[in-house]
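Atom set for the values below is all heavy atoms of this structure, side chains included, hydrogens, waters and symmetry mates excluded. Just so it is clear: chains get the letters A, B, ... in the order the sequence lines come, proteins before strands, and each one is counted from 1.
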Amino acid sequence: MNNSDSTNSNENFLEQIIKNDLDNGFDNTKLRFRFPPEPNGYLHIGHAKSICLNFGLGKLFSAPVNLRFDDTNPEKENIEYINSIKEDIKWLGFNWDLECYASDYFDKLYDWAIHLIKTDKAYVDFQDQETISKQRGIPTVPGEKSPYRERSVNENLDNFQKMKFGKYNPGDCVLRAKIDMGSPNMHMRDPVLYRIMNTSHHRTKGEWKIYPTYDWAHGQSDFIEQVSHSFCTLEFEVHRELYDWFLENIDQKNKLIPKQREFARLNLSYTIMSKRKLGELVDSGLVEGWDDPRMPTISGLRRRGIPPQAILNFCEKVGVAKRENIIDYALLDFCTREVLNKISYRLMVVFDPVELIITNYDENKSEVLLAENNPEDEKYGNREVSFSKNLLIEREDFKEEANRKFFRLALGKEVRLKNAYIIKGESIEKDNKGNIKKIFCSYDPKSKSGSGSPESLRKVKGTIHWVDKNNYEKISIDIYDRLFKIESPDENKSDDFKAQLNKNSLKTFENACGESNINNVEFDNYYQFQRKGYFKLDSRNSNKKFNRTVTLRDNTKF
RNA sequence: UGGCUCAUGGUGUAACUGGUAACACGUCUGGUUUUGGUCCAGAAGAGUCUAGGUUCGAGCCCUAGUGAGCCAACCA
């Protein structure tokens with residue numbers, strides 16, 4: 001399960017940056033990383049990449065990793081998201097050092113803002129948002145200065161304090177850094193540090209009327225926590241100049257200055273990574289919730305039955321670089337199967353049953369047969385499965401006439417019943433619509449599986465699963481397909497991304513028939529329904545509903 | 001006055017301070033198998049965006065193009 005010796009042989013460019021710093025004399029005891037989610041939604045597989053990266057670096061360099069909630073926008077954030085984020089990280093198996101909140105630094109941030117004003121590097125601007133936006137210009141044309149830009153320090157101090165104490169209303173004014181309206185980098189054209197909001201914050205409640213922007217809060221939070229390396233995704237690359245400017249201009253000396261570096265975010269084919277869009281799917285009821293098994297959220301993957309180790313392996317294989325990418329969903333499937341094959345308990349479940357009658361089997365007889373729980377690991381032991389004259393098999397496992405590529409049951413053809421006997425198709429009975437109602441076959445009494453008899457050792461091409469018609473349990477099964485019809489729905493910038501949804505992403509089998517052992521399944525275990533795929537008990541329903549995690553690899557060619 | 005970033009088989013990632021491309025997934029063969037699973041063996045598939053340059057030698061360095069992404073929220 002842990003292929004670290006083969007996959008870790010190449011270090012990614014962020015590891016190389018850290019090693020270079022170490023080689024150049026950086027004190028390795030000063031290494032510290034952080035994972036800084038905004039609590040405005042649930043974490044998804046893209047965040048998993050970042051989590052694996054940051055916490056993985058922590059493990060590699062024996063350095064602490066903080067969990068920091070970037071909670072600077074109370075209008076979008078809430079406690080439910082905070083709790084889900086913590087749960088997901090723990091489920092993935094990581095432990096953070098400090099649990100931090102940007103909101104814990106609001107006082108310090110305020111003091112630094114005062115310092116910026118006093119050093120004539122920030123000012124209160126009373127223009128409306130639209131005017132400020134226009135003045136900022138466009139990337140190819142320099143912006144123009146705000147008429148409030150040259151007000152006196154005392155005036156700015158006074159107004160900023162009034163902002164803080166609620167003397168102004170939202171939209172009346174903002175605090176801006178005084179940097180360079182002519183910079184080719186738009187983020188340097190006097191960015192906003194504080195805006196006024198009357199919204200109550202989930203942690204500071206009504207204490208603040210002003211809230212810091214991302215740019216003003218993030219780097220300083222890294223600094224306060226003495227994070228050595230602050231890794232974020234590519235879109236923040238243009239923010240780096242501002243990140244560094246703030247750190248240079250706050251009144252703090254002789255402390256470690258964090259280094260921001262950027263890597264490419266993860267994209268998965270046929271799904272989306274935008275928290276906003278995922279939230280829209282939830283709000284519009286198009287999915288059952290953030291943890292809908294079709295969602296690329298960590299909670300969705302968990303509910304679907306993907307084990308945490310599979311996600312860890314996936315993130316390892318995906319790598320870390322600066323190139324835009326779309327990862328093939330097949331890679332996630334591979335990682336899932338690789339882990340599940342080793343740890344899942346096998347059961348037999350018939351999804352779409354048709355009756356099979358063994359003509360030469362005694363009507364009053366029944367047997368208890370032995371079946372392996374996991375052929376990959378004998379420690380999983382065996383289970384007992386009941387067998388009788390009347391069975392149920394998968395409708396698609398029978399054909400009246402079959403070509404040479406069809407390895408299953410057909411008239412005149414032999415096939416093995418998994419864990420039981422070799423049978424031969426003899427005849428069928430149809431209803432007046434032509435649907436097959438019953439399949440009659442004969443069995444070879446000496447071919448019992450595991451008996452060791454020459455007959456049991458005979459080579460027959462196909463093996464099919466079955467359940468005893470006199471002893472089975474009805475269960476419900478949800479199977480899933482890709483959420484979107486197109487490979488890269490996130491590329492669609494418009495809001496009608498929902499039009500690209502795959503309407504057939506969910507299919508339910510209400511009347512699947514499982515061997516009676518299905519009564520003993522446990523929620524924490526993973527299961528393989530033989531020949532059908534991997535399944536997990538659903539977390540929101542009774543113990544009779546399963547989610548299909550992923551199919552088995554299938555080379556069927558007929 | 002535009003700036004920044006990226007470009008290697010179908011996909012993703014490698015290739016140490018230059019020595020004619022490797023690994024994984026996927027695809028295709030064959031073998032084993034009481035899961036058309038697993039496992040085992042093997043194959044095809046890029047000559048590294050283009051054009052120049054430096055060099056004995058360039059995927060790596062330089063120049064110029066081309067293509068893609070990001071930046072003009074009081075979002076993060």
Student: At under 4.0 Å between heavy atoms, what does A:Lys322 touch on the DNA or RNA strands: base, sugar-phosphate, or nothing?
Tutor: sugar-phosphate
Student: For A:Ala102 and A:Thr72, work out which heavy atoms get closest and say how close.
Tutor: CB-CG2, 4.0 Å
Student: Using a heavy-atom cut-off of 4.0 Å across all strands, would you classify A:Phe236 as base, sugar-phosphate, or nothing?
Tutor: base
Student: Taking only side-chain nitrogens and oxygens of A:Arg276, does any of them come within less than 4.0 Å of OP1 or OP2 of B:C75?
Tutor: no
Student: Any base atoms under 4.0 Å from A:Arg136, or only sugar-phosphate, or nothing? Heavy atoms, all strands.
Tutor: sugar-phosphate
Student: Side chain of A:Arg323, heavy atoms from C-beta onward: which of B:U35, B:C6, B:G26 has the nearest atom to it?
Tutor: B:C6
Student: A:Phe314 has an atom CZ; how far is it from atom P of B:U13, in whole Å?
Tutor: 11 Å
Student: Looking at every non-hydrogen atom in both residues, tell me the closest pair between A:Ala420 and A:Trp466 and how far apart they are.
Tutor: CB-CZ2, 3.9 Å
Student: Which part of the nucleic acid, if any, lies within reach of A:Glu38 when heavy atoms closer than 4.0 Å are counted: base, sugar-phosphate only, or nothing?
Tutor: sugar-phosphate
Student: When all nucleic acid strands are considered with a 4.0 Å heavy-atom cut-off, which category describes A:Phe558: base, sugar-phosphate, or nothing?
Tutor: base
Student: With a cut-off of less than 4.0 Å, is there a side-chain N or O of A:Arg404 near OP1 or OP2 of B:G36?
Tutor: no
Student: Using a 4.0 Å heavy-atom cut-off across all strands, classify A:Glu324 as base, sugar-phosphate, or nothing.
Tutor: sugar-phosphate
Student: Looking at A:Arg189, does any N or O in its side chain come under 4.0 Å of the phosphate oxygens OP1/OP2 on B:C71?
Tutor: no
Student: Closest approach to the side chain of A:Arg346, judged atom by atom: which nucleotide of B:A76, B:G2, B:U35 is it?
Tutor: B:U35
Student: Taking all heavy atoms of A:Tyr380 and all of A:Lys342, pick out the closest pair and write down the distance.
Tutor: OH-O, 3.8 Å
Student: I want to confirm an ordering. Mapping A:Gly462 and A:His218 to their closest nucleotides on RNA chain B, which one lands closer to the 5' end?
Tutor: A:Gly462
Student: What integer number of Å spans the C1' atoms of B:A46 and B:A41?
Tutor: 24 Å
Student: Below 6.0 angstrom between ring centroids: does that apply to A:Phe558 and A:Phe407?
Tutor: no
Student: Can you check the distance between B:G18 and B:G57, where both ends of the measurement are the P atom (answer in whole Å)?
Tutor: 15 Å
Student: What does A:Glu237 touch in the nucleic acid at a heavy-atom separation under 4.0 angstrom: a base, only the sugar-phosphate, or nothing?
Tutor: sugar-phosphate
Student: If the C1' atom of B:G37 is compared with that of B:G45, how far apart are they to the nearest Å?
Tutor: 27 Å
Student: Under 4.0 Å between any heavy atoms, over every strand shown, what does A:Leu331 touch: base, sugar-phosphate, or nothing? Just pick one.
Tutor: sugar-phosphate
Student: Look at the side-chain N and O atoms of A:Lys317 and state whether any lies under 4.0 Å from the OP1 or OP2 oxygen of B:C23.
Tutor: no
Student: Identify whether the glycosidic angle of B:G47 places it syn (within 90° of 0) or anti.
Tutor: syn
Student: For nucleotides B:U11 and B:G53, find the distance between their C1' atoms and express it as a whole number of Å.
Tutor: 34 Å
Student: Considering only side-chain heavy atoms of A:Lys459, which listed nucleotide, B:G36, B:A14, B:U33, is closest?
Tutor: B:U33
Student: When syn is taken as a glycosidic angle within 90 degrees of 0, is B:A73 syn or anti?
Tutor: syn
Student: Counting the atoms with a prime plus P, OP1 and OP2 as sugar-phosphate, which does A:Pro36 contact under 4.0 Å by heavy atoms, base, sugar-phosphate, or nothing?
Tutor: nothing
Student: Just call it for A:Glu75: base, sugar-phosphate, or nothing, with non-hydrogen atoms closer than 4.0 Å on any strand.
Tutor: nothing
Student: From the options B:C74, B:C71, B:A76, select the nucleotide whose nearest atom is closest to the side chain of A:His187.
Tutor: B:C71
Student: For RNA chain B, whose closest nucleotide is more 5', that of A:Lys76 or that of A:Ile326?
Tutor: A:Ile326
Student: In terms of relative ring orientation, are A:Phe35 and A:His47 parallel, tilted or perpendicular, with 30° and 60° separating the classes?
Tutor: perpendicular
Student: For A:Ile51 and A:Leu43, run side-chain contact (heavy atoms from CB on, under 4.5 Å): C-alpha distance rounded to whole Å, both residues' side-chain angles, the deciding distance at 0.1 Å, then the answer.
Tutor: CA-CA 10 Å; A:Ile51 290 168; A:Leu43 259 26; 4.0 Å; yes
Student: Heavy atoms under 4.0 Å, any strand shown: does A:Arg408 hit a base, just sugar-phosphate, or nothing?
Tutor: base
Student: Given the C1' atoms of B:U48 and B:U20, what is the spacing between them in whole Å?
Tutor: 11 Å
Student: Sticking with atom C1', work out how far B:C16 lies from B:A73, rounded to a whole angstrom.
Tutor: 44 Å
Student: Check whether any side-chain nitrogen or oxygen of A:Arg531 sits under 4.0 Å from OP1 or OP2 of B:G36, and answer yes or no.
Tutor: yes
Student: To the nearest 0.5 angstrom, please state how far the CD1 atom of A:Ile326 sits from the CD atom of A:Glu491.
Tutor: 5.5 Å
Student: May I ask you to say whether A:Lys532 pairs ionically with A:Glu394, meaning some side-chain N is under 4.0 Å from a carboxylate O?
Tutor: yes
Student: Starting the side chain at C-beta, find the nucleotide from B:C75, B:U38, B:A72 nearest to A:Arg553.
Tutor: B:U38
Student: Using the P atom as the point on both nucleotides, what is the distance between B:U54 and B:C70, in whole Å?
Tutor: 38 Å
Student: Does A:Ser133 place a side-chain N or O at less than 4.0 Å from the phosphate oxygens OP1/OP2 of B:A73?
Tutor: yes
Student: Does A:Gln528 contact B:U35 through a side-chain donor or acceptor facing the base, at a distance under 3.5 Å?
Tutor: yes
Student: Select one nucleotide: of B:C75, B:A72, B:G37, the one nearest the side-chain heavy atoms of A:Asn341.
Tutor: B:G37
Student: Just compare B:G36, B:C74, B:A76 and give me whichever is closest to any side-chain atom of A:Asn73.
Tutor: B:A76
Student: Hey, is the side chain of A:Thr213 poking within less than 4.0 Å of OP1 or OP2 on B:A73, counting only N and O atoms?
Tutor: no
Student: Can you tell me, in whole Å, how much space there is between the P of B:C23 and that of B:G65?
Tutor: 38 Å
Student: Verify whether the ring centers belonging to A:Tyr421 and A:Phe387 lie closer than 6.0 Å.
Tutor: yes
Student: Need one value for A:Lys19: base, sugar-phosphate or nothing, where a base atom within 4.0 Å counts as base even if backbone is also close, heavy atoms only.
Tutor: nothing
Student: Would you call the rings of A:Phe529 and A:Phe351 parallel, tilted or perpendicular, taking 30° and 60° as the class edges?
Tutor: perpendicular
Student: On the nucleotide B:G37, are OP1 or OP2 found under 4.0 Å from the side-chain N or O atoms that A:Asn555 carries?
Tutor: yes
Student: Among the nucleotides B:A76, B:C25, B:C6, which one has an atom lying closest to any side-chain atom of A:Glu235?
Tutor: B:A76
Student: Decide, yes or no, whether a salt bridge links A:Asp222 with A:Arg68 under the criterion of side-chain N to carboxylate O below 4.0 Å.
Tutor: yes
Student: Over all strands shown, is A:Val174 touching base, sugar-phosphate only, or nothing at heavy-atom distances under 4.0 angstrom?
Tutor: base
Student: B:C71, B:C74, B:U35: which one has an atom nearest the side-chain heavy atoms of A:Thr463?
Tutor: B:U35
Student: As a check on the pairing definition, encode RNA chain B in dot-bracket form, counting Watson-Crick and G-U wobble pairs whose two distances are under 3.5 Å, and using | for partners outside this strand.
Tutor: .((((((..((((.....[..)))).(((((.......))))).....(((((..]....))))))))))).....
Student: Looking across every strand, which nucleic acid part, if any, lies under 4.0 Å from A:Ile464 by heavy atom: base, sugar-phosphate, or nothing?
Tutor: nothing
Student: Rounded off to whole Å, could you give me the CG-to-P distance for the A:Asn419 and B:U35 pair?
Tutor: 10 Å
Student: In whole angstrom, give the distance that lies between atom OH of A:Tyr123 and atom P of B:C74.
Tutor: 12 Å
Student: Of the nucleotides B:A76, B:G12, B:C71, which one has an atom closest to the side chain of A:Val238?
Tutor: B:C71
Student: Hey, what's the ring geometry for A:His239 with A:Tyr214, parallel, tilted or perpendicular (30° and 60° as the breaks)?
Tutor: perpendicular
